[in-house]
Amino acid sequence: MTSTIRLAIAADAPAIQAIYAPIVRDTFISFEVNPPSVEEMAARITSTVARYPYLVLDDGGAVRGYAYASTFRPRAAYDWSVETTIYLRDDSRGTGVGRALYEGLIAALRAAGYRQAYAGIALPNEASVALHERVGFTHMGTFERAGYKMGDWRSVGWWQLLLPVPPAGEPPPPTRGITEVIDTTEVQDALRAALAHLRR
């Protein structure tokens with residue numbers, strides 16, 4: 001089967017919801033407590049790709065995982081920072097899908113002009129920590145007992161990835177929407193190269 005990494009579309013919502021719902025329902029990895037509907041997932045995809053990358057790994061028409069960026073904080077000075085999120089289908093863990101998606105996401109963020117990426121990980125989660133550190137994130141600290149889910153208080157570790165930053169005092173250019181950069185040679189080449197991490 002042919003694998004591709006591409007922008008998510010609303011029609012991917014059923015597959016994405018099927019990946020996410022059991023994570024919400026059965027784990028503390030997500031701090032949501034009620035699985036969103038397919039319609040809600042479609043709305044989230046549409047609103048995200050209006051500005052940020054929301055990528056899926058499509059394997060012969062089947063979505064094996066997804067990764068996206070979102071607003072880190074709403075204040076204007078944070079415009080060059082994003083928070084990143086990734087979830088994989090159960091049978092795609094340990095197969096390189098996560099690494100491929102993250103490498104593609106990072107390439108898209110760089111092309112769009114973002115300078116910092118942050119990831120919050122509910123702990124413990126050794127697999128997620130290993131993935132983030134493998135692609136270059138560094139642990140910055142932990143919010144102890146940040147949320148209560150599934151009968152206990154859960155801590156959240158924060159990881160940071162430094163993307164290219166201009167010299168001190170030099171203002172960065174505005175970021176660009178993902179639709180402006182997704183079809184560039186730079187990003188398309190990076191998405192294809194990221195597929196090399198897949199293990200069949």
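Residues Tyr20 and Ser30 are in side-chain contact: their nearest non-hydrogen atoms beyond the backbone lie under 4.5 Å apart. A heavy-atom distance below 4.5 Å is not found between the side chains of Leu88 and Ile19. Inter-residue side-chain proximity for Ile16 and Val56 is flagged as met; some heavy-atom pair is nearer than 4.5 Å. Using a 4.5 Å heavy-atom cutoff, the side chains of Thr184 and Ile182 are not in contact. Side-chain contact between Val129 and Leu123 is present, with heavy atoms from C-beta onward closer than 4.5 Å. Two residues are said to be in side-chain contact when any heavy atoms from C-beta on lie closer than 4.5 Å; Leu55 and Leu7 meet this criterion.
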*Give the intermediate values and the outcome of side-chain contact (heavy atoms from CB on, under 4.5 Å) for residues Ile45 and Ile9.*
CA-CA 7 Å; Ile45 292 166; Ile9 57 175; 5.6 Å; no
*Quick one: do Trp159 and Glu133 satisfy side-chain contact (heavy atoms from CB on, under 4.5 Å)? Show the steps, please.*
CA-CA 8 Å; Trp159 275 256; Glu133 293 186 347; 3.0 Å; yes
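The backbone N or O of Gly60 lies less than 3.5 Å from no partner atom in the side chain of Thr2, so there is not a single donor-acceptor pair. Between the Ser128 side chain and the Asn125 main chain, no donor and acceptor come within less than 3.5 Å of each other. Within the 3.5 Å criterion, the main-chain N or O of Ala69 finds no donor-acceptor partner in the side chain of Glu83. Looking at Arg115, its side chain does come within 3.5 Å of a backbone N or O of Pro164 through a donor-acceptor pair. Checked by atom type and distance alone, the side chain of Ser47 pairs as donor or acceptor with a backbone atom of Ala43 at under 3.5 Å. At least one donor-acceptor pair under 3.5 Å links the side chain of Trp80 to the backbone N or O of Pro173. Although no hydrogens or angles enter the test, the distance criterion places a donor-acceptor pair under 3.5 Å between the side chain of Thr27 and the main chain of Ile29. Between the side chain of Arg154 and the backbone N or O of Arg145 there is no donor-acceptor pair closer than 3.5 Å. Distance alone, capped at 3.5 Å, places no donor-acceptor pair between the Asp189 side chain and the Glu186 backbone. Between the side chain of Arg176 and the backbone N or O of Ala111, at least one donor-acceptor pair lies under 3.5 Å.
Listed here is the closest heavy atom pair of Pro53 and Leu109: CG-CD2, 3.7 Å. The minimum heavy-atom distance between Ser155 and Thr142, with the atom names listed, is CB-CG2, 4.0 Å. In plain terms, the two heavy atoms of Val33 and Pro35 that are nearest each other are O-CD, 4.1 Å. Nearest heavy-atom pair across Pro14 and Ala11 is CD-O, 3.4 Å. When all heavy atoms of Ile23 and Lys149 are compared, the pair lying nearest together is O-NZ, 4.2 Å. The two residues Pro36 and Met41 have their closest heavy-atom pair at CG-SD, 3.3 Å.
Taking hydrophobic clusters as Ile, Leu, Val, Met, Phe, Trp and Tyr residues chained together by side-chain heavy-atom distances below 4.5 Å, Leu131 shares a cluster with Leu198. One hydrophobic cluster, built from ILVMFWY side chains closer than 4.5 Å, cannot hold both Ile121 and Val156; they sit in different ones.
Interatomic distance, Arg64 CZ to Ser3 OG, rounded to the nearest 0.5 Å: 6.0 Å. Between the OG1 atom in Thr4 and the CG atom in Leu191 there is a gap of 9.0 Å [rounded to 0.5 Å]. The structure places CH2 of Trp158 at 11.0 Å from NE2 of His139, a figure rounded to the nearest 0.5 Å. Rounding to the nearest 0.5 Å places CZ of Arg73 at 10.0 Å from OG of Ser81.
For residues 21-46, the pairs satisfying salt bridge (charged side-chain N to carboxylate O under 4.0 Å, His left out) are Glu32-Arg44, Glu40-Arg44, with sequence neighbours left out. Within the structure, the ring-ring contact (aromatic ring centres under 6.0 Å, His included) test picks out the following pairs touching residues 25-66 (sequence neighbours left out): Tyr52-Tyr114, Tyr54-Tyr66, Tyr54-Tyr68, Tyr66-Tyr87.
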Only pairs under 3.5 Å count here: list side-chain donor-acceptor contacts from residues 99-108, not counting sequence neighbours, and write none if there are none.
residue	atom	partner	partner atom	Å
Arg99	NE	Glu103	OE2	2.8
Arg99	NH2	Glu103	OE2	3.3
Tyr102	OH	Thr84	OG1	2.6
Tyr102	OH	His132	NE2	2.7

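A salt bridge links Arg6 with Asp12; the closest basic N to acidic carboxylate O contact falls under 4.0 Å.
Side-chain atoms of Gln160 and Tyr118 include a donor-acceptor pair closer than 3.5 Å.
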